Amino acid sequence: MRKSALFNRLAVLPLALISVFAQAAEETEATLNAYAAGYVAGFTCSATFNGNKNAEQIREHELGGIYPLIAERVEQLTAEVNQQHKWVRVKYDNGARERISVWRPKLGCVDLPVGATLEAERHLANPFATSPTPAPDSGAPWQLDETPLTEAQQQALAAVVEQAFSKYYGAGARTSAVIVATPEHLLAERYLEGFTPETAQRTWSVAKSIGASVIGAAAYQRLLEVSEPAALANWSHPADPRAAITLENLLHMASGLDSNQAGNRTDRVYMGGGLVSDTATETALEVTPGERWKYANNDTMLALRTLRERFATLDDYLRFPFVALLDKIGMQHTYLETDWQGDFILSSQVWTTARDLARLGVLHLNNGVWHGEQLLPEDWLAYISSEAPAQPPTGSPGYGAQWWLYNERFPELPDDTIAARGNRGQFLVIIPSRNLIVVRRGYDFAGQAGFNEHDFTRDVLRALATKTAQ
């Protein structure tokens, strides 16, 4: 009764007062300014030191065509890049405040929190401080000078790839790299002018599938089981219902946790210098774990937080993805970025190359085996490709364990087609029945029709089915 009475009183409040309540949950000007400065600092740092890009390229690609919330503010900001010590600083609010991003080997750039100075750098974990600079990409495991395709297939495929670098697959499409490959051959490979096989760019949500692969490596080493509770320390109180959330719930995007209206909006962590432990671990349940599918960056971050709490030290945790997986398969131009307390932000903040993504695809086509060594559970591809109990609405691909499933929802593609998909047109498509991988990287424009990976993959398959001209 008391609750109903409160609602009744709110219902008759003046519209102006209701507007004040509505605005209370929105970002303040100070926060938006900090977000914009953090965005410029972080992307400039990562693109400079992970991707070896120059200021003009960064302004065009990383800082152009972006998230409308901060786009205009970003245009007004200038980054100070320190090449010697590998940090970037952006001053804002008329120079009264600054945001700083600091680079570390293998871990890329970490955004310091609002109010931090360069003095904070010495407190960051840096387990790869003495790591050598990555060597040029050798092209392994592919036979670069051979192709199993007929001349007719090569011509048909080249025409499809040419279309990928136009607006054919989306009015807002801007392609930077395309690879079509089998485990043995790069059937097609092309880059935007100024890009090379060593040019890393942000994966956005393709990182989720990379994160799932790290979980798979941990499962193979029996560091955890996907069916067991996440058992995070923050949820350990005997009265906490979040103790029922399993790692599998998190992988299925079915934690049941509150992740705001749009679970893909985690700005405070992504560009605000916030912590995974201050955001993702603090939210309350909305529904029973496993009951509802909801795309949420927090679920991915929590899955990796689950793995972190299995390690005795932070350095051991930070080394694990590289020692157990990435270094093994030659993903040497891949950077897994963290927050400033060392939690991987593997829902988005990975920088990698098209070839490195293709290598991850090859590992899955080989059922987790690389050069005779088992790195993932033998059934891992089947596991991530299996429909989660709760599914996205019709009209979109289905969902497995941090991978999208095309199955019967998209009849023009083989039913076993799965994909890692990310903002601005990042795609890694795996088709086991065709022994095929399709990678597309891009800088698609926000607010415009992005690159249609379904149509592109369909056209690639048609090109590969081309008969030899008579």
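Everything numeric here is computed off the predicted structure, so don't read it as measured data. Residue numbers start at 1 and run along the sequence shown.
- Smallest separation of non-hydrogen atoms from N249 and D299: O-OD2, 4.3 Å.
- Legend: residues meeting side chain to side chain donor-acceptor pair (under 3.5 Å) with T28, ordered by chain and number and at least two apart, are T31.
- Between R73 and E29, at least one side-chain N (NZ, or NE/NH1/NH2) sits under 4.0 Å from a carboxylate O, which counts as a salt bridge.
- Residues L314 and A125 share a closest heavy-atom pair of CD2-CB, 3.7 Å.
- Below 30°, between 30° and 60°, or above 60°: for W293 and W404 the angle between ring planes is above 60°, a perpendicular geometry.
- Inspection of the E189 and Y191 side chains reveals an N or O donor paired with an N or O acceptor under 3.5 Å.
- Residues meeting the salt bridge (charged side-chain N to carboxylate O under 4.0 Å, His left out) test with D278, sequence neighbours left out: none.
- Y67 and R265 are linked by a side-chain donor-acceptor pair at a separation below 3.5 angstrom, with hydrogens and angles left out of the test.
- Applying the disulfide (SG to SG under 2.5 Å) definition to pairs two or more places apart or across chains, none involves residues 255-340.
- A donor atom on one side chain and an acceptor atom on the other are not found under 3.5 Å apart for S46 and R202.
- In this view, W103 and N50 satisfy the side chain to side chain donor-acceptor pair (under 3.5 Å) rule, not counting sequence neighbours.
- Both the sub-6.0 Å distance and the 45° axial angle are satisfied by R174 relative to the ring of F445.
- Identified under the side-chain hydrogen bond (donor to acceptor under 3.5 Å, both in side chains) test for residues 440-451, with sequence neighbours left out: K53-Y443, E62-Y443, T175-R440, Q426-R441, R440-D444.
- Among residue pairs with one or both ends in residues 206-218, those qualifying as side-chain hydrogen bond (donor to acceptor under 3.5 Å, both in side chains) are S205-K208, K208-Y295, K208-N297; sequence neighbours excluded.
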